[in-house]
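Okay, structure first, notes after.
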Amino acid sequence: MKLKRKDIITTVDLIKEDVDKILNRSEVMLGYLKREEVPELLKGKILATLFFEPSTRTRLSFTSAMQRLGGSVLGFSTEEETSVKKGESLEDTVRMADSYSDIIVIRHPEVGSGKRAADVAKNPVISAGDGPNHHPTQGLMDMFTIKKEKGLEKVSVALCGDLKYGRTVHSLIYLLGMYGPEINLVSPDSLRMPDKIVKDVKKTYGCEIKEFRTLQDVVSDVDVLYVTRIQKERFLNISEYGKLEGSYRVDKKLLEKAKKGLIVMHPLPRVSEISTEVDSTPFAKYFDHAAYGVPVRMALLSLLLGKI
Ligand code: NCD
């Protein structure tokens, strides 16, 4: 399958061959960055970043990736700055950005917004999160981190926390399904991964998925603990959030029982689900994980624009 000019809206649309290619090219980009010898593959190209929801890492790492490759970036980081405040539709905003740029990255609170953008744009569209649905480029950098740290086949991964509203885990579970590591889901009952996703991944990839309620159930058996924040902004009833706040936490005490070589990952931002005392331990991989956002996004932008 050709990635050139493809839209990246969810990980459901990707096949293993695409993911292999993106991960391999990400390794090449990481090499360029380490040697400080990045070729200007995207010179003259413009990326539009349309962020209708807050972002630190995703927007900045896309910007860094584009600029490292010699391209430039325009866009906005809040809808307050745009004509959406005057009543302009998402589609019209995207049409205009499309005509000013060569590729679009969009984050928006509505499920399906990435697809709507792709339907009107002529250039490739990458969704950087459509509400609680998917966040495919985060899933790709999660896979790159797991591959580098642990390899992708004989590894046991636990996805922990808000599996109901967390879009990063919705994207990641499909990618894990392609490679066959052991998948464990750990969440409070009310934040379980939607059944539809669990069934779909099992059916599509024929993999086994186990479910648990507490971190203690898995910490001594898994190689990767992928922790997520409770997605407070998705709760309709804030008292429901209050009941769940602090219901799981990774700290040094929990990690005393960890399997040798366990790594802790997190898409960030973290709130209180990983204690800062873990940051200085060999378990903590979440900052390296976030830094890989740049080479992975460099690879993806170059592939979609047909430059590698
Ligand atoms: C995630 C997101 O926006 O879904 N952040 C990110 O892109 N790294 C995770 C989160 O906000 O909890």
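Whatever order the structure lists ligands and atoms in, that order sets their numbers, starting from 1.
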Salt bridge check: are Lys34 and Glu27 linked by an N-O gap of less than 4.0 Å? no
For Thr58, counting its heavy atoms only, list the atoms of ligand 1 lying under 4.0 Å from any of them. 6 (C), 7 (O)
Give a yes/no on ligand 1: does Leu268 have at least one heavy atom closer than 4.0 angstrom to it? yes
Of all the atoms in ligand 1, which lie at a distance below 4.0 Å from a heavy atom belonging to Arg107? 3 (O), 7 (O)
Looking at Glu182 and Lys154, does any basic side-chain N land under 4.0 Å from a carboxylate oxygen? no
Mark up the atoms of ligand 1 that fall under 4.0 Å of a heavy atom belonging to Gln231, in ascending order. 10 (C), 12 (O)
Out of curiosity, is Glu53 lining ligand 1, as in a heavy atom under 4.0 Å away? no
Pro269 heavy atom under 4.0 Å from ligand 1: yes
In terms of side-chain geometry, is the basic nitrogen of Asp189 or Arg213 positioned less than 4.0 Å from the acidic oxygen of its partner? yes
Regarding Lys115 and Asp119, does a basic nitrogen lie under 4.0 Å from an acidic carboxylate oxygen? yes
Check the side chains of His135 and Arg107 for a donor-acceptor pair under 3.5 angstrom, ignoring hydrogens and angles. yes
Charged N to carboxylate O under 4.0 angstrom, Asp279 versus Arg270? yes
Sidechain-backbone polar pair: Asp98 side chain, Lys122 backbone, donor-acceptor under 3.5 Å: yes
Please report which non-hydrogen protein atom sits nearest to atom 11 (O) of ligand 1, along with the residue it belongs to and the distance in Å to one decimal place. Arg229 NH2, 2.8 Å
Check each of Thr56, Thr137, Thr168, Asp142 against atom 1 (C) of ligand 1 and report the one with the nearest heavy atom. Thr168
Report the member of Arg167, Arg57, His135, Glu233 with the shortest heavy-atom distance to atom 3 (O) of ligand 1. Arg167
